[in-house]
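Before any comments, here is the structure.
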Amino acid sequence: MKRLAISVLTVFAIAIAQSVVVANTLPKDIAWWIEAIPIQTLTISDQQFLNGDASGRPATIAGVLRVAQGSGRLPLVILMHGSGGFEVNADFWERQFGSLGISTFALDSFSGRGIASTVADQSQLGRLNMILDLYRSLAVLAVHPLVDPSRIAVMGFSRGGQAALYATLKRFHKMWNPSGIDPAAHIALYPQCNTTFISDTDVTDHPIRIFHGISDDYVEIGPCRAYFERLKQAGKDVQMTEYPDTWHAFDYPSLTSNPTVVQYGQTTNCVLMEEAAGTITNTATNKPFTYADDCVGRNPHVAYSAKATHATEEAVGILLKEVFKLNRASRSN
């Protein structure tokens with residue numbers, strides 16, 4: 001074990017020395033160090049998560065760390081994918097952040113569990129399980145020699161956006177996040193906000209940003225508007241940006257700008273509420289929610305929007321430069 005630790009430190013020492021060279025030869029959006037990192041976590045139900053029940057099935061997932069060009073411990077954004085798993089929008093954001101000197105960690109919550117996609121069957125993984133995966137990742141990344149633990153942000157998309165948004169709850173941190181890391185910002189693109197959780201306005205004091213398309217029929221914007229207003233009334237640092245004529249997955253450059261049907265794609269446009277003992281109830285039936293409920297739909301639409309993507313890129317860039325103090329760092333050099 002000691003020999004392994006020495007070899008790892010030697011590798012990092014060589015990599016840091018090489019960074020001086022590549023900084024003058026590579027475009028800024030190209031990472032100078034890429035590393036796959038395993039994460040030990042659990043597979044649990046939403047009820048187990050809400051009750052703090054850690055008797056789930058052990059699981060090993062992983063993520064890809066892309067270290068930006070720079071020196072020392074750098075700021076980092078954890079990227080949390082949607083129901084389709086790793087997709088092309090992650091590469092877009094990795095390059096955008098890399099150009100700002102920000103590293104990324106693309107977390108894969110599916111592959112290690114034998115899941116390719118939950119698009120057609122969302123019941124394959126609890127909606128809250130990715131929050132646990134995030135917290136477990138924070139514990140690992142916080143001690144990485146190339147990551148600044150005080151400058152970690154979270155950005156999620158759709159299902160991952162929901163995880164990024166609700167990972168802000170202090171109640172969840174107390175139950176599941178022993179790392180003590182409270183991310184510097186939470187950024188959620190087109191997240192699902194249709195569940196009212198107990199104490200869900202008692203959240204982090206760090207910035208929370210939501211970006212959503214008004215035309216989205218995959219994850220409707222209405223519940224996010226309602227949650228945004230409740231967070232705002234609670235005095236939290238929250239902003240929500242709405243884009244007209246914009247559909248789900250608007251930052252996927254692989255999509256066309258014309259709305260396209262996601263065949264068999266499963267939507268969950270239900271009004272849900274957490275009851276005692278961690279039960280998620282469908283308010284229309286007053287019974288525990290299941291994916292057989294009438295409010296679960298199919299065949300929603302997706303479409304790329306260059307305008308919404310660029311606007312989000314600009315807003316997120318401004319936010320991260322501030323919370324990571326990038327402008328101050330550049331002025332001091």
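By convention here, the first residue in the shown sequence is residue 1.
Between E229 atom CD and Y227 atom OH the span is 13.0 Å, to the nearest 0.5 Å. To the nearest 0.5 angstrom, T283 atom OG1 is 14.0 Å from K287 atom NZ. One distance of note links CG of L138 with CD1 of I181; it measures 6.5 Å at 0.5 Å rounding. One finds the CG atom of L79 at 7.0 Å from the CE atom of M155 (value rounded to the nearest 0.5 Å).
The nearest pair of heavy atoms linking V88 to S254 is CG1-OG, 3.1 Å. When all heavy atoms of T201 and L231 are compared, the closest pair comes out as CA-CD2, 3.9 Å. Minimum heavy-atom separation, A184 to H206: O-CB, 3.5 Å. The shortest heavy-atom contact between V219 and S158 is CG2-OG, 4.3 Å. Contact detail for D108 and F86: the closest heavy-atom pair is CB-CZ, 3.8 Å. In terms of heavy-atom proximity, P75 sits nearest to F324 at CB-CD1, 3.5 Å.
A donor-acceptor contact shorter than 3.5 Å links the side chain of N129 to the backbone of I44. Counting only distance, with no hydrogens or angles, the side chain of T241 and the backbone of Q239 share no donor-acceptor pair below 3.5 Å. Checking side-chain atoms of D53 against main-chain N and O of S55 turns up a donor-acceptor pair under 3.5 Å. A donor-acceptor contact shorter than 3.5 Å is absent between the side chain of E314 and the backbone of H310. Put simply, the side chain of S117 gets close to the backbone of V119: a donor and an acceptor are under 3.5 Å apart. Side chain of Q48 to backbone of S45: a donor-acceptor contact under 3.5 angstrom is found. Judged by distance alone, with hydrogens and angles left aside, the side-chain atoms of T279 form no donor-acceptor pair with the main-chain N or O of E275 at under 3.5 Å. Using modelled atom types, no side-chain atom of R136 and backbone atom of I39 make a donor-acceptor pair closer than 3.5 Å. Although no hydrogens or angles enter the test, the distance criterion places a donor-acceptor pair under 3.5 Å between the side chain of N51 and the main chain of Q47. D202 contributes no side-chain N or O that, together with a main-chain N or O of K170, makes up a donor-acceptor pair within less than 3.5 Å.
The side-chain heavy atoms of T281 and L272, taken from C-beta on, include no pair separated by under 4.5 Å. Between L74 and D148 the shortest side-chain heavy-atom distance does not fall below 4.5 Å. Contact of the T290 side chain with the P288 side chain is not registered, since no non-hydrogen atoms from C-beta on lie closer than 4.5 Å. Counting heavy atoms from C-beta on, the side chains of T260 and L255 never come closer than 4.5 Å. Between L189 and D251 the shortest side-chain heavy-atom distance falls below 4.5 Å. Under the 4.5 Å side-chain criterion, counting only non-hydrogen atoms from C-beta, H144 is in contact with E35. A 4.5 Å side-chain heavy-atom check between N194 and V271 finds every atom pair outside the cut-off. Within the 4.5 Å cutoff, the side chain of D216 has no heavy atoms near those of the I221 side chain.
When F197, F172, F49, Y135 are each tested for a ring pair (Phe, Tyr, Trp, His ring centres under 6.0 Å) with Y166, only one passes: F197.
For F250 and Y304, the distance between ring centers is not under 6.0 angstrom. Ring to ring, H248 and Y190 are close: their centroids are under 6.0 angstrom apart.
Between the side chains of T312 and Y243, at least one donor-acceptor pair of N or O atoms lies under 3.5 Å. Looking at Q124 and R113, their side chains never bring a donor and an acceptor atom within 3.5 Å of each other. Side-chain atoms of Q40 and T60 include a donor-acceptor pair closer than 3.5 Å.
Salt-bridge annotation for R171 and E274: present, with a side-chain N of the basic residue lying under 4.0 Å from a carboxylate O of the acidic one. In summary, R209 and D237 engage in a salt bridge, as defined by a charged side-chain N under 4.0 Å from a carboxylate O. Note on D245 versus K307: no salt bridge recorded, every NZ/NE/NH1/NH2 to OD/OE distance being 4.0 Å or above.
Taking the salt bridge (charged side-chain N to carboxylate O under 4.0 Å, His left out) definition, one finds that R66 meets it with E94, sequence neighbours left out. Applying the salt bridge (charged side-chain N to carboxylate O under 4.0 Å, His left out) rule to R230 yields the partners D200; only residues at least two apart in sequence or on another chain are considered.
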Apply side-chain contact (heavy atoms from CB on, under 4.5 Å) to M130 and M80, showing your working. CA-CA 8 Å; M130 290 178 73; M80 305 187 72; 3.9 Å; yes

Could you go through the side-chain contact (heavy atoms from CB on, under 4.5 Å) check for L125 and R159 one step at a time? CA-CA 11 Å; L125 186 67; R159 176 185 266 260; 3.9 Å; yes

Mind listing the side-chain donor-acceptor pairs of residues 95-106 below 3.5 Å, one per line with the distance, residues two or more places apart or on another chain?
| unit_1 | atom_1 | unit_2 | atom_2 | d |
| --- | --- | --- | --- | --- |
| R95 | NH1 | D29 | OD2 | 3.4 |
| S99 | OG | Q96 | O | 2.6 |
| S103 | OG | A68 | N | 3.0 |

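A single hydrophobic cluster is seen to contain both L146 and V140, as judged by linkage of ILVMFWY side chains at heavy-atom distances under 4.5 Å, directly or through other members.
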